[in-house]
Amino acid sequence: MKNQELAKIFFEIADYLEIDGVSFKPYAYRKVALLLENYKEDVAEIYRNGGLKALEEIPGVGEGIAKGIEEYLKTGRIKHFEDLKNKLPLKVDELLKVEGIGPKKIKTLYQKLGIKDLKDLTKAVKAHKIAPLFGFGEKTEKNIVQGLEFLKQNKGRFLLGDIMPTVKEIINSLKKQKEIKEISVAGSVRRQKETIGDIDILVVSENSKKTADFFVNLPEVKKVWAEGLTKCSVRLKMGFDVDLRMVKKESFGSALQYFTGSKEHNIATRKIAITKGLKLSEYGIFKGNKQIAGKTEEDVYNVLGLSYIAPELREDDGEIKAALNGFLPILVELKDIKGDLHCHSKPDEARHSNNAEKLIEEIAQKAIDLEYEYIGISDHTKFLKIDDGLDEKGLLKQHEIIEEINNKLKKQGIKFIILHGCEANILNDGSIDIKDEVLEKLDYVIAGVHSSMKMGQKEMTDRIVKAMQNPNVDIISHPTGRLINEREEYQMDFEKILEVAKETGTVLEINATPKRLDLNGFNIRRAKAKGIKMIINTDSHQKEHLSFMEYGVGQARRGWAEKGDIINTLSVEKLLDYFK
DNA sequence: GCCGTTTTCGGCCCGACTGTTTTCAGTCG
């Protein structure tokens, strides 16, 4: 899609304009770039169908940007952008990543020292050329050194699922402190973003000094950046930073709203405040000097004339309008989930063990502890030899084992059932690696791509379409194949996949494994818009992984999914009915 | 450059902190 390419260009144009001291235009370009990054329709398609006029229908796109898009689609470049680059031949995006330097400093550094990229900058600080510059100084130079150092060792953002257990531990430790009256995590963790930069925790404390001391001395803490009565910053042993912010009781709601973000959502809410003659900040909503709201988030939204917006929706992507009109979805919740259908019973370390029955019983017990009504065993199949995939014979044997365990549970009077499925392989030609007469005997069939992931768009689309058209295939696992920070999505026509899923009633998986989260929020929203049913599965390879469910639910919520969109909120009878 | 239940022109989010200044610009979240 040209969307991403254009988004990148518009972000860079915004940076260049900012360096050039142009005001307001950067804001306009960034807004469009942000929108295009995740825009559901291909701009090339929009232009083909409706020309410039259609482009201007896109929110944030006016005459100027529409012409820019047209020029790029026709010639592959935008003259305005090329001119800016020629005027200031810098690696802007690279330099902006250095903490402490922004557009203005970049311009000075280029004009006075000819610094064009990180390499030049590193050389300049080593030669102590920065400090003597007008408007700079010793401290600034030192900060740049630190910024460069951090950039070098910074491995990028952390996976939500990797940091969440630690965050919960810290919150629980803090909750036990008597002087803490209110506590919540904020930031992108609260919005359930798939990757996280750092953590913000908000508290109301009756004894800030005591709370601060307790926090910086937690066993998870490796290094303390700052300790104060309103803010403490630490780095954890795991490598990410946590800020504890202590706020006043009467501002807790507005502070939580502010620190939860997103930034774009905050800007939008503040603009609404302005139209009502009010001012919204992290301290509250003010009419003149008088605070009229701020104790709870609900108050903040209500005073703005909005219904309460769940944190997962706060991306300025339509939620404000929906809240104004009372059209917000009632999002699916973890407690709505009645079972998990993607569980492997052959954990890596026990791949060749003979106690299959015991392993399945353990998974079932874990699911019972989670108050599920059912669990589905879905091991890999024979094409994946390295994963000890089951062949037809193995699947039938497993079927008997599961039946036995179910009988045992029944005798014990436990109202819980183990369903039997598999995660079969979609081969290159779209066929399934297990015979249909065996697939038919299973309660359900998941099919997924596990090989030849780099095939071309048409081939891959045809391959998955053919699998969905197999009447025995109920669910497509991790539909796009992406691995966060590791691997891109398959090349495929996702719109086409969605259409065929709708036609065939195929369920698309929301895979809750932290590095997958596939479908992600964006694609979930596209699928929902088409009326496609989804299922949230953990793809667990050991029983502890069943707890990944919360991250899948988080993505579903980011994708505006409601209970009715997710089939594992159904009772087992209705679920099996659906598969039929 | 975009946009309009305040405007087709005149606006465009808010506050804290830092480091450089001597009242403030730049950066960050």
Side-chain angles (χ1 to χ4, degrees), chain A residues 10 13-35 55-69 78 80-81 84 95-109 130-144 146-147 150 186-188 191 196-200 202 225-226 228-231 233 241 243 245 247 251 254-286 294 300 304-305 316 320-321 324-325:
Chain A
F10 289 148
I13 290 179
D15 291 337
Y16 277 117
L17 290 172
E18 207 155 47
I19 290 172
D20 235 4
V22 179
S23 35
F24 306 117
K25 290 186 187 183
Y27 176 80
Y29 276 106
R30 271 196 199 108
K31 219 174 141 93
V32 173
L34 219 50
L35 183 94
L55 288 176
E56 285 185 45
E57 296 289 306
I58 302 171
V61 176
E63 200 189 335
I65 291 182
K67 279 189 176 149
I69 295 175
I78 298 177
H80 180 40
F81 181 45
L84 287 167
L95 290 167
L96 277 173
K97 282 193 193 127
V98 182
E99 184 104 4
I101 68 174
K104 294 293 184 311
K105 289 205 170 86
I106 287 177
K107 189 174 189 185
T108 310
L109 289 169
I130 308 270
L133 291 178
F134 182 80
F136 288 63
E138 288 297 330
K139 283 267 181 67
T140 307
E141 185 172 287
K142 218 177 122 202
N143 284 342
I144 293 176
Q146 278 180 358
F150 184 78
S188 46
R191 302 201 317 278
I196 305 297
D198 54 18
I199 311 289
D200 284 304
L202 249 64
W225 302 114
L229 293 181
T230 58
K231 181 183 165 187
S233 297
D241 290 344
D243 284 348
R245 293 175 184 276
V247 302
S251 297
S254 44
L256 186 56
Q257 199 270 340
Y258 170 73
F259 284 110
T260 297
S262 65
K263 192 179 170 205
E264 290 73 27
H265 176 86
N266 286 351
I267 291 172
T269 47
R270 283 170 179 196
K271 281 184 180 168
I272 291 178
I274 292 169
T275 64
K276 292 184 180 295
L278 306 170
K279 189 183 65 172
L280 169 62
S281 75
E282 58 263 52
Y283 301 106
I285 297 189
F286 295 87
V300 170
L304 296 179
D316 191 23
I320 307 263
K321 203 172 166 198
L324 271 171
N325 300 326

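Every chain is numbered from 1 and lettered A, B, ... according to where its sequence line falls, protein lines coming before strand lines.
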Visitor: Nearest-Å distance, CG (A/Leu304) to P (B/dC13)?
Guide: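 The distance from CG of A/Leu304 to P of B/dC13 comes to 15 Å, rounded to the nearest Å.
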
Visitor: Show each protein N/O and nucleotides 23-29 of chain B N/O combination with a separation under 3.5 Å, one pair to a line.
Guide:
unit_1, atom_1, unit_2, atom_2, d
B/dT27, OP1, A/Gly102, N, 2.8
B/dT27, OP1, A/Gly102, O, 3.1
B/dT27, OP1, A/Lys105, N, 2.9
B/dT27, OP2, A/Lys104, N, 3.1
B/dC28, OP1, A/Gly100, N, 2.8
B/dG29, OP1, A/Glu99, OE2, 3.3
B/dG29, N2, A/Tyr258, OH, 2.5
B/dG29, N3, A/Tyr258, OH, 3.1

Visitor: Which residue, A/Leu96, A/Leu95, A/Ile106, forms the side chain to side chain contact (heavy atoms under 4.5 Å, CB included) with A/Ile19?
Guide: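 So the option named by the test is A/Ile106.
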
Visitor: Nearest to the side chain of A/Ile65, heavy atoms from C-beta on, is which of B/dG15, B/dC2, B/dT21?
Guide: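 Of all the options, the side chain of A/Ile65 is nearest to B/dC2.
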
Visitor: What closest approach, in Å, do A/Tyr283 and A/Ser254 show between heavy atoms, and which atom pair accounts for it?
Guide: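 Residues A/Tyr283 and A/Ser254, closest heavy atoms: C-OG, 3.3 Å.
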
Visitor: Whole Å only: how far is the NZ atom of A/Lys142 from the C1' atom of B/dT20?
Guide: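 Taking NZ of A/Lys142 and C1' of B/dT20, I get 16 Å after rounding.
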
Visitor: Sticking with atom C1', work out how far B/dT20 lies from B/dG26, rounded to a whole angstrom.
Guide: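 To the nearest whole Å, 10 Å.
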
Visitor: In whole angstrom, give me the gap between the P atoms of B/dG1 and B/dT5.
Guide: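 After rounding to an integer number of Å, I get 23 Å for this pair.
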
Visitor: What's the shortest heavy-atom distance between A/Val300 and A/Gly294, and which atoms?
Guide: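 In terms of heavy atoms, the two residues are closest at CG2-CA, 4.0 Å.
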
Visitor: Minimum heavy-atom separation for A/Leu202 to A/Ala186, with atom names?
Guide: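 Where A/Leu202 meets A/Ala186 most closely, the heavy atoms are CD1-CB, 4.5 Å.
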
Visitor: Assign each of A/Val32 and A/Ser281 to its nearest nucleotide of DNA chain B by heavy atoms, then name whichever residue's nucleotide is nearer the 5' end.
Guide: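 Taking each residue's closest nucleotide, the earlier one in sequence belongs to A/Val32.
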
Visitor: When the P atoms of B/dT7 and B/dC12 are considered, how many whole Å apart are they?
Guide: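 To the nearest whole Å, 15 Å.
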
Visitor: Check this for me, if you would: do A/Glu18 and A/Arg30 make a salt bridge, where the nitrogen-to-carboxylate-oxygen distance has to be below 4.0 angstrom?
Guide: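 So A/Glu18 pairs with A/Arg30 through a salt bridge.
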
Visitor: Who does B/dT8 pair with, Watson-Crick or G-U, both distances under 3.5 Å?
Guide: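 Across any shown strand, B/dT8 pairs with none.
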
Visitor: When the distance from CG of A/Leu34 to C1' of B/dC2 is rounded to whole Å, what number comes out?
Guide: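 Atom-to-atom, A/Leu34 to B/dC2, this comes out as 15 Å.
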
Visitor: Report the C-alpha separation of A/Leu109 and A/Phe136 in whole Å, then their side-chain angles, then the decisive distance to 0.1 Å, and conclude whether the side chain to side chain contact (heavy atoms under 4.5 Å, CB included) test is met.
Guide: CA-CA 10 Å; A/Leu109 289 169; A/Phe136 288 63; 3.9 Å; yes

Visitor: Taking B/dG19 as the reference, what is the distance to B/dT23 when you measure between their C1' atoms (whole Å, please)?
Guide: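 That atom pair is separated by 14 Å.
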
Visitor: Could you list the residues that satisfy side chain to side chain donor-acceptor pair (under 3.5 Å) with A/Lys67, not counting sequence neighbours?
Guide: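 Per chain and number, A/Lys67 pairs via side chain to side chain donor-acceptor pair (under 3.5 Å) with A/Glu63.
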
Visitor: One pair to check against side chain to side chain contact (heavy atoms under 4.5 Å, CB included): A/Ile285 and A/Leu304. What are the steps and the verdict?
Guide: CA-CA 9 Å; A/Ile285 297 189; A/Leu304 296 179; 4.0 Å; yes

Visitor: If I compare all heavy atoms of A/Gly60 with all of A/Val32, which pair ends up nearest, and what's the gap?
Guide: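 For A/Gly60 versus A/Val32, the nearest heavy atoms are O-CG2, 3.0 Å.
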
Visitor: I'd like a list of close polar pairs between nucleotides 17-19 of chain B and the protein, N/O only, cut-off under 3.5 Å.
Guide:
unit_1, atom_1, unit_2, atom_2, d
B/dG19, OP1, A/Asn143, ND2, 3.2
B/dG19, O3', A/Thr140, OG1, 3.2

Visitor: Give me the one residue out of A/Ile13, A/Leu34, A/Val22 that meets side chain to side chain contact (heavy atoms under 4.5 Å, CB included) with A/Tyr29.
Guide: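 Among A/Ile13, A/Leu34, A/Val22, the one that satisfies the side chain to side chain contact (heavy atoms under 4.5 Å, CB included) with A/Tyr29 is A/Ile13.
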
Visitor: For B/dA16 and B/dG10, measure between their P atoms and round to the nearest Å.
Guide: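 Their P atoms lie roughly 32 Å apart.
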
Visitor: Which pairs pass side chain to side chain donor-acceptor pair (under 3.5 Å) with one or both residues in residues 265-277 of chain A, sequence neighbours excluded?
Guide: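 Sorted pair list: A/Tyr27-A/Lys271, A/His265-A/Tyr301, A/His265-A/Glu319.
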
Visitor: Can you tell me, in whole Å, how much space there is between the P of B/dT18 and that of B/dT8?
Guide: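 Straight-line distance between the two P atoms is 44 Å.
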
Visitor: Atom pairs under 3.5 Å, N or O on each side, protein against nucleotides 3-12 of chain B: can you list them with distances?
Guide:
unit_1, atom_1, unit_2, atom_2, d
B/dC3, OP1, A/Gly60, N, 2.6

Visitor: With P as the reference atom in both, quote the distance from B/dC13 to B/dC17 in angstrom, rounded to an integer.
Guide: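 Rounded to whole Å, the distance is 22 Å.
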
Visitor: Taking only residues two or more places apart in sequence, or in another chain, which ones meet A/Thr260 in a side chain to side chain donor-acceptor pair (under 3.5 Å)?
Guide: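 A/Thr260 satisfies side chain to side chain donor-acceptor pair (under 3.5 Å) with A/Arg190 only.
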
